[in-house]
Structures are given as structure tokens and as C-alpha cells.
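These notes are about the structure you will find just below.
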Amino acid sequence: PYTTLFRSVYETALTAMRCLESETIARYVTPPHTWRVPPTPGTRIVELDPWRFLVGYRTDHTGRPSPHDTLYAITEEAAKAAAPVVAVVVEKLLETASAAANAQGGRVNPPLRAVLDEAANICPLKRLPRYYSYYGSKSIQVLTFLQSEAQGTRLWGEAGMKELSDAATV
């Protein structure tokens, strides 16, 4: 049984990391000093720091927080290998936003809107139904777009899709 469990964990990790075989995808998630081919001279590379992205805002002349930047995590549907990378980035941002909300008295300020278009294909967050209403209570608005209810059911199962649907404004 232990060998079977280890093999299952290994195979799952191997499948999740397979996308890093693509040089283009690997560059999205690895520090520049590890790249085989450096960027062109003069190119400034900025790594994403989720906390700074969500909390490191400036204030306007009245002291109110200025809007944050926008992050677009885009991939082609045909590039399914990128979906795990997009999902990890989005999940990390949502977790960080939740921690920021806790640090700011329970709600993130300014509010965060995560628009997950083609969520089942491009951003398959397995735990999304469990946290859907929880995020809303922290000023983290998650908008999930699916091609059909059946597509969501394939990803989250019937119970997960019902949980997400019940917590969402449909």
C-alpha cells in the first residue's frame, strides 16, 4: 500500500510539473538567473510578489488607497500544459489576498476581483467551491465563467458544482 501511495503521489506531481518541460512556460515561474537563454539586453525582468502586488499600493492625495495593478494570466486553450501554472498563480494570489484581508481587519482593501474566464480549462482550481463564499466575505470577488454546468461538474463533481452554484450569483 505504501508503494502504491508513493507512486500515486509521484505520478500526480509528475503530471502537474510536466508543463515545465516547455521553455516558454518555465520562464513564467523561474527566476531569470536560471534561464538557459537570457533575455535581450536592457530588458527589465520583474518577478511577481503576491503580497506586494495586493498590498503594496500607494494612496492618493486624500489618503485613500489607489487601485492596484491588474494581472492578466492568459493562455491559449490549446496550451493545456499551462493550466496548472495559471492555477497555481491564481490560487497563490487568492490565498495571499485572504491573508491580506486578515491583516487589514477581515476585508482586503481595496477589494480584489478575480475574473476566471474558461475556469475549467485555463484555471482549474480544485478547492474553489469550498472557498467561494468565504472569499466574498473578505472583499475578494471571484467571478467564474464556464462553458456549461456539465463542464464544472466534470472538474468539481456534482457536490462541488452545487456548492459553487449555491454560493454564487448565477
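A donor-acceptor contact closer than 3.5 angstrom links the side chains of Thr144 and Tyr132.
Between atom CG of residue Asn121 and atom CD of residue Gln147 there is a gap of 5.5 Å, rounded to the nearest 0.5 Å. Going from atom CZ of Arg130 over to atom CG of Leu164 covers 12.5 Å, rounded to the nearest 0.5 Å. The distance from the CG atom of Leu155 to the CE atom of Met161 is 9.5 Å, given to the nearest 0.5 Å. For the atom pair CG (Leu146) and CG (Asp117), the distance works out to 9.5 Å, reported to the nearest 0.5 Å. Atom CG in Leu128 sits 8.0 Å away from atom SG in Cys123 (nearest 0.5 Å).
Under a hydrophobic clustering in which Ile, Leu, Val, Met, Phe, Trp and Tyr are joined whenever their side-chain heavy atoms come within less than 4.5 Å, directly or via other members, Leu112 and Tyr134 fall into the same cluster.
Within the 4.5 Å cutoff, side-chain heavy atoms of Leu125 are placed close to those of Leu116. Asn102 places a side-chain heavy atom less than 4.5 Å from the side chain of Lys138.
Applying the 6.0 Å contact sphere to CD of Glu149 captures no more than 12 heavy atoms from other residues, nucleotides or ligands.
Smallest separation of non-hydrogen atoms from Ala103 and Trp51: CB-CH2, 4.2 Å. A pairwise comparison of heavy atoms in Arg107 and Ser137 identifies NH1-O, 2.9 Å as the closest pair.
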Using a 3.5 Å cut-off and no angle test, enumerate the donor-acceptor pairs between side-chain atoms of residues 87-97 and protein atoms at least two apart in sequence or in another chain.
unit_1, atom_1, unit_2, atom_2, d
Glu91, OE2, Arg127, NE, 3.1
Glu91, OE2, Arg127, NH2, 2.8
Glu95, OE2, Arg127, NH2, 2.9
Thr96, OG1, Lys92, O, 2.8

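Arg113 contributes no side-chain N or O that, together with a main-chain N or O of Ile140, makes up a donor-acceptor pair within less than 3.5 Å.
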